[in-house]
Amino acid sequence: MLALRAGRAFDGEHSVAGPVTVITENGTIKAVEQGHPDVPGAEVVDLGTATVLPGLIDTHVHLGADSENGALDRLPDFTPEHLDAVIEDGLERHLKAGVTTVRDLGDRDWSVLEQRSRHRQRVLASGPPITSPRGHCWSMGGEASGEDALRRAVRERAERRADVVKVMASGGFATPGTAVSDCQFTEQELRVVVEEAHAHGLPVTAHAHSLASVHRAVAAGVDGIEHCTCLTDRGMQAPVELMDALAEAEIAVCHTLGSTQEPPPFILEQFERAGMSLAAKIGIVGRMYDHGVKAVNGTDGGIGAPKAHGITPYALGNMVEAGIPNAVVLASATSQAARALSVSKGVLKPGWDADIIAVQGNPMRDISALHTVTTVVIGGQIVTTTLPMDRRE
Ligand SMILES: [Zn+2]
């Protein structure tokens, strides 16, 4: 039993004025109390003026990717031992950023999915994304062509107990020979994937850069859209009808924001050719919020040096730049993300999983407070803390 004393809290949706004490028992949250009451039998941890909030969730990572440029291309070269080390390193980086749950949206040959229960953090996984022959990320092993093969591919994911079906609705930047402006599947093919997945109780999320592919994914009834870049031959365009449709269907949109440096030149060239820029992206993210589109935090962590694992604080910073209120931004990485993943996390209320972080300062006022994670609790256990031991009784 833990009693975490803190300056204030964010409960996954709202700010909770402090001081507060979060009490955990048997891996779940037992109570969130005002003030610092005595809690008999509890280990008291004094977090001082820190803000406590639910452990953060990154809904789009690639744990097999090593946070260096060209990471996805090198996947086939990794030995099992090296891959294990890469996965551990990635999770460690997420932990430093306060991320206690990740969803892996593309591994090679089920390598992350099969090992997903070995880790301290909660790892959900899709396995290899379903893609067209030689389509985006084909080397992960998820090629399928035609409705029968697509149904078989979904059934294989259900048998392997995948947490989600990831389908590549458009090409991608990282795979030579695929075009971000192309659609990889017809609307009917995407509908088949959704139908089969839903019949097995699995959600579907679609990687979609081109506007046409976003339209198709929405029409096919997907549960989530990754990137949602809305590329056209006139740059990035998000029509009002599309935003309304995304909001109406409550599709979880993961904008894959966040970066710590400029992309490498070969990616920058592609961005320029496609009419993409961070400023335009941030503009679309803000407009989608204004239209009621539900955003969830996801970073595409691991795929390159600018997109290393653990960049969630940067991604949430981008959302604030887009004009989204801090509480909504924080919810996108806590309660909203948890809802999209169907996990009992992301909320600081009795009965929810006791995955809790403390940050210095107040992220409801200044989102950059997320860069100073001081304590991480997973399942009611303190996993890391920078606190001196005398703060614990
Ligand atoms: Zn990705």
Side-chain angles (χ1 to χ4, degrees), residues 57-76 86-87 90-91 93-94 99 101-113 116 123-132 135-142 157 162-176 178-180 184 203-210 213-214 217 222-229 231 252-260 263-264 267 270-271 274 276 281 295-312 314-315 318 337 340-341:
I57 299 171
D58 188 334
T59 69
H60 187 150
V61 306
H62 298 277
L63 286 177
D66 63 7
S67 301
E68 298 294 340
N69 291 335
L72 295 179
D73 299 336
R74 283 196 305 282
L75 283 183
V86 168
I87 292 172
L91 284 171
R93 291 173 189 240
H94 282 290
V99 172
T101 298
V102 297
R103 181 171 68 170
D104 189 282
L105 285 186
D107 64 14
R108 186 167 184 270
D109 294 339
W110 315 98
S111 51
V112 171
L113 184 143
R116 80 197 124 158
V123 176
L124 292 90
S126 67
I130 297 175
T131 192
S132 54
H136 184 42
C137 291
W138 64 270
S139 66
M140 289 179 177
R157 281 151 183 79
D163 297 291
V164 58
V165 171
K166 164 101 177 279
V167 61
M168 300 302 203
S170 79
F173 291 101
T175 307
T178 77
V180 284
Q184 296 202 159
V204 174
T205 197
H207 156 110
H209 280 300
S210 65
S213 64
V214 176
V222 300
D223 306 280
I225 295 186
E226 308 302 314
H227 313 299
C228 205
T229 319
L231 280 174
V253 174
C254 169
H255 296 290
T256 56
L257 295 165
S259 60
T260 52
I267 295 277
Q270 293 186 61
F271 281 4
M276 253 177 85
K281 173 83 181 167
V296 294
N297 171 58
T299 61
D300 223 352
I303 63 163
K307 304 286 277 177
H309 289 290
I311 59 169
T312 284
Y314 295 90
N318 285 156
L341 270 48

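Numbering of ligands and ligand atoms starts at 1, following listing order.
Under 2.8 Å from the Zn ion (ligand 1) lies no N/O/S atom of His207, from backbone or side chain alike. With a cut-off of 2.8 Å, the Zn ion (ligand 1) has no N, O or S atom of Cys137 in range.
Looking at Asn69, its side chain does come within 3.5 Å of a backbone N or O of Ala305 through a donor-acceptor pair.
With respect to the salt-bridge test (charged N to carboxylate O, under 4.0 angstrom), the residues Asp104 and Arg116 do not qualify.
Arg103 places none of its side-chain heavy atoms less than 4.5 Å from the side chain of Asp163.
Looking at His207, His136, His255 one by one, the single match for ring-ring contact (aromatic ring centres under 6.0 Å, His included) with His227 turns out to be His207.
Of all N, O or S atoms in Asp300, the one lying closest to the Zn ion (ligand 1) is OD1.
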